[in-house]
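Just below is one structure, and these are the notes that go with it.
Below, chains carry the letters A, B, ... as their sequence lines are ordered, and counting in each starts from 1. The basis for the numbers below is simple: all heavy atoms, side chains too, and nothing from hydrogens, waters or symmetry mates. Everything numeric here is computed off the predicted structure, so don't read it as measured data.
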Protein chains: 2
Amino acid sequence: MSRFPNRRVSIKDVASAAGVSLQTVSRVVNKSANVAEPTRERVLQTIHELGYRRNEIARNLIQGRSHSLGVVCAGLDYFGGRQINGGITAEAEIQGYSLLLKEHQPSDPTPPDTFVQSLLDRQVDGFLWMLSDNTADHDQILDTLVKKYGLPVVAMVNPRNPDVPHAAFDNFSAGLMATRHLIERGRRRIVHIAGLPRSWEAQERVRGWRVAMQEAGLPAGDDRLCYGNWGPEGGVAGLQELLVRHPDLDAVFAGNDNTALGAMLEAHRRGKHIPQDIAFIGVDDTKGAGWFFPPLTTIRQNRVEMGRQAVRMLISMIEARFAGEETVPVTNYVHPPELIVREST
Amino acid sequence: MSRFPNRRVSIKDVASAAGVSLQTVSRVVNKSANVAEPTRERVLQTIHELGYRRNEIARNLIQGRSHSLGVVCAGLDYFGGRQINGGITAEAEIQGYSLLLKEHQPSDPTPPDTFVQSLLDRQVDGFLWMLSDNTADHDQILDTLVKKYGLPVVAMVNPRNPDVPHAAFDNFSAGLMATRHLIERGRRRIVHIAGLPRSWEAQERVRGWRVAMQEAGLPAGDDRLCYGNWGPEGGVAGLQELLVRHPDLDAVFAGNDNTALGAMLEAHRRGKHIPQDIAFIGVDDTKGAGWFFPPLTTIRQNRVEMGRQAVRMLISMIEARFAGEETVPVTNYVHPPELIVREST
DNA sequence: CTGTTAGCGCTTTCAG
DNA sequence: CTGAAAGCGCTAACAG
């Protein structure tokens, strides 16, 4: 077998078969003007016959760009987590960009910089950053990417670095909306089981809860707050702890749907009726939440739309860069929360 | 701004800075033998100072291979679905391969061949095939890939094409195991709410259920079987229908955990006690299943391990190909089911 | 042990 | 409108 088992028909093959120069074929392929119609036809015919397709690698080399995006994400296996979604793949496809995927698992000691470098070696034109901000070196790596290399980056997480545009969820409003809903439903002793304490998203939701409680004149001290891990385990442990402190609590705002799932299980085990004894609300509207027992009221986070927006922002930055424009400030996209009322409240 | 905003330090820069030829730098970078130690040191030093990194695109071009894998998957958003996972990303990373991701959404009319071609244009060395077999042209595309192009492909789905090695779950044994567990628990009137009727995986699980029932001398006719859509909706509808046909059913084998989730919700709504009145078992062990109400007994499918195996198989095929070996038959990997007993049975 | 030459497949520039 | 030449960054083959 040849050393190049994957060799395909090249532009040269087409050129000689059609009796024209490489240049002409290139022009036809790239839909450049200056080609006589008969020539164009003939070349197109040859291309079709030979099944020619442009080698993107070769094109990348000479153009100094790859039409591909580096995606750095965390925890693909993480249930309901921050991950690559249909919005991202679909939008990239529409715009003619490919996706190079790297995953940084939370347990992985490899610094994320390794992934970034490896992506850079493959000449990605920009980065879609989906690592959560509590990863080691997070801020510094983003800084290097943006300041030193001047590369386009769009984050779908903590926009702590003001130089990095982001497409993110309005976590604060989500917390506000969830808590207000519980209050409107007549609940007064509302506790909050938050996500990971070091997470910006968790903190914002906590803040929303606090503000909503305060504006209603309800207590929202640290004794009514508990941190978990975004998983059901955290919900179980959180409700246990909060019931010790406040046996009379009448509603739980869970940091996300998974936390709510665990908390509801714990409530069932204690013979509490949902929502009569305790109401529950989550955040995310993960697939499945509508079939929890009881179906969970939640704040929907449309991650597909967010992904779509992020890709659009990133590509517009890339195109501007290659067009030689100065760095244009890109406006952030903040995704609004949406209340989905079901039977748990 | 230059036409090449992403230009980096090249091998040429290193060569002139270190006062050696391109070749010597290349040899150092590729850890080739024939380099004098002092020279090597000096080059390494220069590389470090200049922050040189090899341009993989250029390397790909001349080597005719890209050290990247094309991943064609279905429904990233699909809850608990067949998707790219930590096993895949981690194993590819370890072996020094990149992942180029394409998603074919079920609703997308674009033929999957488009994705395949686009991946080929980017010179992927092989394919990880995660499209379900009911996609249009599925078999034909795989055939072309393998027979015509002779490209390495590993499937994580329906191994209907014997030329395509696969890393798949033992769906039949899963059905057998689930049903036997229910029988051992003393259940006799066991119904099955399966997945999509056209899916091979669903059919295999159905077959497992049938065999287990028959070997126990229990009835397993079509009247005790119902097809869904792998989602909770299917579980709700399925249980409703089966309860009409068999009001005395005492156990449900759900095609997957999501189906079980929906079916359990419907059971709760009818005031049935789980597992006293009806026992439930699922397949998958999705994150969350352990916190359903009640926690779901299920057959675990370790997709991370399956992903890892698939990547290993694929890379070994690729390496063999580039080493000039004849196509070596790769042994399939069949992942064993694992029973996880919880409170729903 | 080291350097030179050629060329992967393509696009860009410049001549005709 | 078309072609020739140069070269993106790298590695393979061959000299020395």
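- Rounding to the nearest 0.5 Å gives a distance of 10.5 Å between CG of A/N6 and CG of A/N55.
- When the side-chain nitrogen and oxygen atoms of A/T24 are compared with OP1 and OP2 of D/dG3, one or more of them lie within a distance under 4.0 Å.
- For B/S26 and D/dT11, the shortest distance from a side-chain N or O to OP1 or OP2 is below 4.0 Å.
- Note: CG (B/D121) to P (C/dG9) measures 14 Å, nearest angstrom.
- If you check every strand for non-hydrogen atoms under 4.0 Å, A/V29 touches nothing.
- In this structure, B/L22 places its CG atom 19 Å from P of D/dC14, rounding to the nearest Å.
- Mapping B/L61 and B/G19 onto DNA chain C by nearest heavy atom places B/G19 closer to the 5' end of the strand.
- Within the 4.0 angstrom heavy-atom criterion, no nucleotide atom of any strand lies near A/N60.
- Distances from the side chain of B/V20 to the nucleotides C/dG9, D/dG9, C/dG3 place C/dG3 closest.
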Can you check salt bridge (Lys or Arg N to Asp or Glu O under 4.0 Å) on A/R65 and A/E319, steps first, answer last?
CA-CA 11 Å; A/R65 65 183 294 188; A/E319 302 288 356; 3.6 Å; yes
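- Here A/T39 reaches the OP1 or OP2 of D/dT2: one of its side-chain N or O atoms lies under 4.0 Å away.
- One can place NE2 of A/H67 at 15 Å from P of C/dC10, the figure rounded to the nearest angstrom.
- Interface remark: the A/Q63 side chain does not form any donor-acceptor pair with the C/dT12 base, using a distance-only criterion of under 3.5 Å.
- Checking the phosphate oxygens (OP1, OP2) of D/dC8, a side-chain nitrogen or oxygen of B/K12 falls inside 4.0 Å.
- If you take CD1 of B/I62 and P of C/dG7, they are 11 Å apart, rounded to a whole angstrom.
- In this structure, B/R122 places its CZ atom 18 Å from P of C/dG9, rounding to the nearest Å.
- Using a 4.0 Å cut-off, no side-chain N or O of A/R40 falls inside it from OP1 or OP2 of D/dC1.
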Output, in order, the C-alpha distance, side-chain angles, deciding distance and verdict of ring pair (Phe, Tyr, Trp, His ring centres under 6.0 Å) for B/F115 and B/H104.
CA-CA 8 Å; B/F115 300 112; B/H104 181 84; 5.6 Å; yes
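- Out of D/dT2, D/dC10, C/dT2, the shortest distance to the side chain of A/A36 is found at D/dT2.
- Note: CZ (B/F322) to C1' (D/dA12) measures 16 Å, nearest angstrom.
- With D/dC10, C/dT4, D/dA4 as the candidates, the nucleotide lying closest to the side chain of A/Q23 is D/dA4.
- The side chain of A/N30 places an N or O atom within less than 4.0 Å of a non-bridging phosphate oxygen (OP1 or OP2) of C/dT11.
- Here the P atom of nucleotide C/dG7 and the CG atom of A/N55 are 18 Å apart, to the nearest Å.
- Atoms CG (A/D13) and C1' (C/dG7) sit 15 Å apart, rounded to a whole Å.
- The distance from atom CD of A/E91 to atom CG of A/L128, rounded to the nearest 0.5 Å, is 11.5 Å.
- Along DNA chain D, the nucleotide closest to B/I57 and the one closest to B/R27 are compared, and the more 5′ of them pairs with B/I57.
- Taking side-chain N and O atoms only, A/R54 has a distance below 4.0 Å to OP1 or OP2 of C/dT11.
- Note that the CG atom of B/L44 and the CD atom of B/E49 stand 11.0 Å from one another [nearest 0.5 Å].
- In this structure, OG in B/S26 is found 8.5 Å from CZ in B/R54, a value given to the nearest 0.5 Å.
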